[in-house]
Amino acid sequence: MTTAALAQTCPDPTLTPDDPRAQWVEGTQAADDGATRDFYNRAAMLEWDNFMGDWTDANGTPQGAAAYTTSDLVDDNTPGPHTWNVTSLVGEWVAGTPNQGFLLRQTGGSGPFNFYSKEHPVSAERPMLSVATSAGNWTLTPEADTHLDGSTYQGFGDAATLRIGGNPTLLRFDLSPIPSSVSVNSATLQLHSFEEYGSSSMEVGVFRVSHDPGPLPAAENGLAYSYTNDSGIGAHPDVLEFTEFADSGWADVYDGGTDSSTLEIVSNGFEQIDGSALKVTVPAGTNTGVGVGFKFADQTGSEPTEVFFRYYVRIDQSWDPTYGGKLPGISGTYGVAGWGGRPSNGTNGWSARGGYHLTIPADNPLGDTVPVGNYVYHADQGTIYGDNVLWQDGYLGFLEKDRWYSVEQHLVLNTPGVNDGLLETWIDGRKAYRQTDWRWRDTDSLKIEQIWLNVYHGGTAVPDHDISLYLDNVVIASSYIGPMAGAPCGPDSGTFIDDDDSIFEVDIEALAAAGITKGCNPPVNDRFCPDDRVTRGQMAAFLVRALDLTAPGTTDFTDDDDSVFEGDIERLAAAGITKGCNPPVNDRYCPTRDVTRDQMAAFLHRALEAAVDVGPTAAFSDTAGNTFEADIAWLGTTGITKGCNPPVNDRFCPTVPVTRGQMAAFLVRALDL
C-alpha cells in the first residue's frame with residue numbers, strides 16, 4: 001500500500017473557542033438536539049462546563065457577575081420592545097474575540113419575562129441587533145436563539161418564545177458581514193416582550209457565552225511508529241496478536257465462530273489499508289455483524305490485568321442505524337455477566353466494549369459524524385444495563401464516514417474492591433478519553449478474558465437496511481501501540497513527526513515534497529525542528545536544493561572547511577548569492593551563525609529577483625536605514641513576506657532570527673510551491 005491510498009482530511013492542529021464545534025446548538029423540540037440546561041449540543045451529548053450555561057462577564061471572569069450592560073424591565077403589563085446597549089461586547093467580537101453569542105440572565109428584581117424568538121411570525125417583533133460602525137450600519141436577526149430551563153432536560157430551540165428569569169436566554173448573531181477593521185460606534189440589542197410576571201421590575205444583564213473546548217490533545221507515537229503500514233509489527237516483543245484480514249484464516253485465533261453472511265474479506269470498492277479488510281455488515285432486521293473474541297488464556301496461556309488494543313475502522317456511507325450499538329472492546333464476562341442486561345456486581349464479570357450512537361443530524365456543527373465511545377458494565381453501575389461514555393476530548397470521537405481511523409483502547413483492571421481502574425482511548429494517536437476510577441472487580445479471579453470483536457445494533461432495535469463498516473490491522477499488545485507509520489492523521493502524519501502542531505506544517509510538507517529539506521536529525525530525518533533557528537549553513541543547503549545549483553565553485557572562506565555544508569556554501573557563492581559575513585574582507589561565511597530576517601531577505605532577493613514578479617511597493621516602519629532595506633522592500637512587494645505583527649503587519653522585525661518553520665513559509669511563497 002502507498003500512503004496516498006489513505007488520502008483524507010485530518011483534524012486541524014489547534015482547537016479554539018471559535019471552532020464551530022464549540023458553538024451551542026439551537027436544535028428543535030421534536031428532536032431535542034439543541035442547547036439545554038445540561039448540554040450545549042445535546043445531539044452530540046456535549047455538556048456545558050456549568051449547569052445552565054457557560055459565560056464570561058465584562059471583567060473576563062468565567063461565570064462572573066459583572067454584566068457588560070443591564071436593563072431594567074418594568075412589569076406594567078405592556079408588551080413592547082426592550083433594549084440593551086451592547087456596544088462594548090459587539091466591539092470585542094468584531095475585533096476578533098470568538099463570538100459564541102449573548103447570554104441574558106436575571107441579575108436583580110423579579111420575573112420572569114417572556115419574549116418573542118426568531119421563529120415568531122411577526123418579523124418586527126423578533127430579536128434584532130442594530131450595529132452602527134465607521135463603515136456603515138447593519139441590522140441583524142439571530143442565526144440562533146433559545147432559552148435554558150432548569151426544570152427540564154429538554155431544549156426549546158425552535159420555540160416561538162424566549163424566557164428570562166430563572167432561565168437564561170441565548171442569542172447568536174452572524175457578525176461576519178462587518179469588517180474586522182471597522183470601529184463599532186454603537187450596538188443595540190432589542191427583544192420584544194409579550195408576557196410579564198412578578199408585579200415589579202427585573203434587571204437583566206448581558207454576558208458573553210464562553211464555552212472553551214480546551215486544547216486538542218497532543219499526538220503520541222507508539223510502537224507501531226517503527227512499522228510502516230504495520231509491516232512486520234507482529235514481531236515486536238510487546239505484540240500479542242496482529243490481525244490484518246488477508247484471508248479467512250484470521251478467524252483461527254478468534255473464538256465464537258463467524259458468519260459468511262455478515263463478514264467478507266474485501267479488497268476493492270473502498271480505499272483499503274493494505275490490500276484487504278474485513279467488511280462487517282449488520283443485515284436489515286437483525287442485530288449482529290460480528291461477535292468473536294481473542295481469548296487470552298487459549299492464545300497466550302494466561303489472562304492479563306492490563307492490555308492495549310488498537311484497530312482501524314472505516315464507517316461506510318450505508319451506516320445509518322436506528323439505534324446505538326456496540327463496537328470492538330475489552331471484556332471479562334466469562335459467560336456469566338457484563339452484557340445483555342446481566343449486571344456486574346464485582347464478582348461475576350465486566351465488559352468495556354466500544355459503542356456508537358446515532359449519526360449526528362446534518363445541520364449540526366458535527367453533522368453526519370458517528371459518535372463513538374465505550375459501553376461499560378462495571379461494579380458501580382446503577383441499572384441492569386451498561387453505562388455509556390463518549391470519547392469527546394478534542395471532538396475526536398466523532399467519526400466521519402468513508403475515512404480510516406486508528407482506535408486504541410487501554411484498560412487496566414482495578415485493585416479488587418478499589419476504584420482505581422483505568423480506561424483510556426486514543427483516536428489517530430490523540431487522547432480522546434481517560435477515566436481512572438473504574439471498579440471492574442472485587443476479586444482477583446476476574447481478569448481480562450478477551451478482546452471482543454463485536455459489531456452489534458441495539459438493544460433489541462434493528463436497522464431498517466443493511467449497514468456496514470470495515471475493520472483492519474488489529475493489534476493487541478502489552479504497551480502503547482499508536483497509529484501505524486505512514487498513517488495520514490496520526491502523530492507521524494506526512495514526512496515529519498514534530499510539525500503536526502506547527503502553523504507552518506503545510507509549508508514544511510511542501511518543502512519536503514519538493515526535495516528542498518530532508519529533516520534536522522540525520523540519518524533518520526523524521527523531524528524538522530520547526531522552532532529551531534536557521535543557520536547560515538542550513539540556509540545555503542536550502543537554497544542550493546531549491547534553485548538546483550550544480551556549479552561546484554571554490555571560495556576563499558576560511559571557516560567552512562569543517563562544515564557539512566561546505567559544498568552548498570561554495571555553490572551559493574559561485575551563483576553570486578552570498579559574499580561572506582565579514583565585509584569588506586568577506587573571507588568568512590559564518591556557517592553556524594543564525595540567519596536574521598533581514599539577511600534572509602538579502603539571500604532571497606539575490607537568488608530570486610529575476611524569477612518573482614514584483615507587486616505594489618510594501619513599506620515597513622522598522623526598516624529605514626537597515627543595510628538590507630532594499631532587499632526587505634523587495635520581499636514585501638513580492639508577497640513573500642507579510643510582516644511580523646499580524647494582522648497589522650506594518651513591521652518586519654529585521655534583526656529577529658528566522659526559525660526553520662518561518663523559513664519554510666518564506667521559501668514556499670517565493671517558489672510558489
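Because the structure is a prediction, the values reported are computed rather than measured.
Taken from NE2 in H357 to CG in L390, the straight-line distance is 4.0 Å, to the nearest 0.5 Å. Taken to the nearest 0.5 Å, the CH2 atom of W24 stands 12.5 Å off from the OG1 atom of T36. One distance of note links CD of Q100 with OG1 of T56; it measures 8.5 Å at 0.5 Å rounding. In this structure, the separation between CZ on R37 and CG on N167 is 11.5 Å, given to the nearest 0.5 Å. Between the CH2 atom in W404 and the CG atom in N473 there is a gap of 7.5 Å [rounded to 0.5 Å]. For the atom pair CG (D38) and CG (L148), the distance works out to 9.5 Å, reported to the nearest 0.5 Å.
Partners of T305 under the side-chain contact (heavy atoms from CB on, under 4.5 Å) rule, at least two apart in sequence or in another chain, are L413, R441, K447. Partners of Y40 under the ring-ring contact (aromatic ring centres under 6.0 Å, His included) rule, at least two apart in sequence or in another chain, are W48, H211. Checked against side-chain contact (heavy atoms from CB on, under 4.5 Å), P213 has the following partners two or more places apart in sequence or in another chain: L15, P17, A22, Y395. Under the side-chain contact (heavy atoms from CB on, under 4.5 Å) criterion, D158 pairs with T28, Q29, not counting sequence neighbours. With sequence neighbours excluded, the residues forming a side-chain hydrogen bond (donor to acceptor under 3.5 Å, both in side chains) with N50 are D54, Q63, listed by chain and number.
Other residues, nucleotides and ligands contribute at most 12 non-hydrogen atoms within 6.0 Å of the OH atom of Y153. Atom OH of Y323 sits in a sparse spot, with 12 or fewer heavy atoms from other residues, nucleotides or ligands closer than 6.0 Å.
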Could you check T415 against D420 for side chain to side chain donor-acceptor pair (under 3.5 Å), going step by step and ending with a plain yes or no? CA-CA 7 Å; T415 305; D420 62 0; 2.9 Å; yes
Quick one: do S267 and S276 satisfy side chain to side chain donor-acceptor pair (under 3.5 Å)? Show the steps, please. CA-CA 4 Å; S267 58; S276 61; over 6 Å; no
Run the side chain to side chain donor-acceptor pair (under 3.5 Å) check on Q450 and S331 step by step: do they pass? CA-CA 6 Å; Q450 67 173 347; S331 69; 3.2 Å; yes
Does the side chain to side chain contact (heavy atoms under 4.5 Å, CB included) test come out yes or no for L46 and Q392, once each step is laid out? CA-CA 8 Å; L46 292 165; Q392 296 182 331; 3.6 Å; yes
R310 vs E408, salt bridge (charged side-chain N to carboxylate O under 4.0 Å, His left out): CA-CA, chis, key distance, verdict: CA-CA 4 Å; R310 189 215 74 188; E408 181 162 354; 5.6 Å; no
Are Q409 and N374 close enough, and set up right, to give a side chain to side chain donor-acceptor pair (under 3.5 Å), and what steps lead you there? CA-CA 10 Å; Q409 299 165 61; N374 283 108; 3.2 Å; yes
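Y480 and W426 have tilted rings, their planes meeting at an angle from 30° to 60° on a 0 to 90° scale. Taking the six-membered ring where tryptophan is involved, the planes of H236 and Y227 are perpendicular, since the angle between them exceeds 60° and thus also 30°.
Checked against a 6.0 Å centroid threshold, the rings of W250 and F245 count as neighbours. A distance below 6.0 Å separates the ring centres of W319 and Y356. The distance between the ring centers of W350 and H378 does not fall below 6.0 angstrom.
The pair D380-R439 meets the salt-bridge criterion, with a side-chain N (NZ, NE, NH1 or NH2) lying under 4.0 Å from an Asp/Glu carboxylate O. In this structure, R430 does not pair ionically with E220, as no charged nitrogen and carboxylate oxygen lie closer than 4.0 Å.
When D32, D33, N364 are each tested for a side-chain hydrogen bond (donor to acceptor under 3.5 Å, both in side chains) with R42, only one passes: D32.
There is a side-chain donor-acceptor pair under 3.5 Å between D238 and S479. With 3.5 Å as the limit, one finds a donor-acceptor pair spanning the side chains of T243 and E241.
For residues 443-477, the ring pair (Phe, Tyr, Trp, His ring centres under 6.0 Å) pairs, not counting sequence neighbours, are F270-Y470.
The closest donor-acceptor contact from the side chain of Y377 to the backbone of G341 lies under 3.5 Å. A donor-acceptor pair under 3.5 Å is absent between the side-chain atoms of N229 and the main chain of S231, judged by distance alone. Judged by distance alone, the side chain of T300 and the main-chain N or O of S302 form a donor-acceptor pair under 3.5 Å.
A cation-pi arrangement is present between R403 and Y405, with the terminal nitrogen or guanidinium carbon under 6.0 Å from the aromatic centre and inside a 45° cone about the axis. A cation-pi contact, defined as under 6.0 Å to the ring centre and within 45° of the axis, links R105 to F207.
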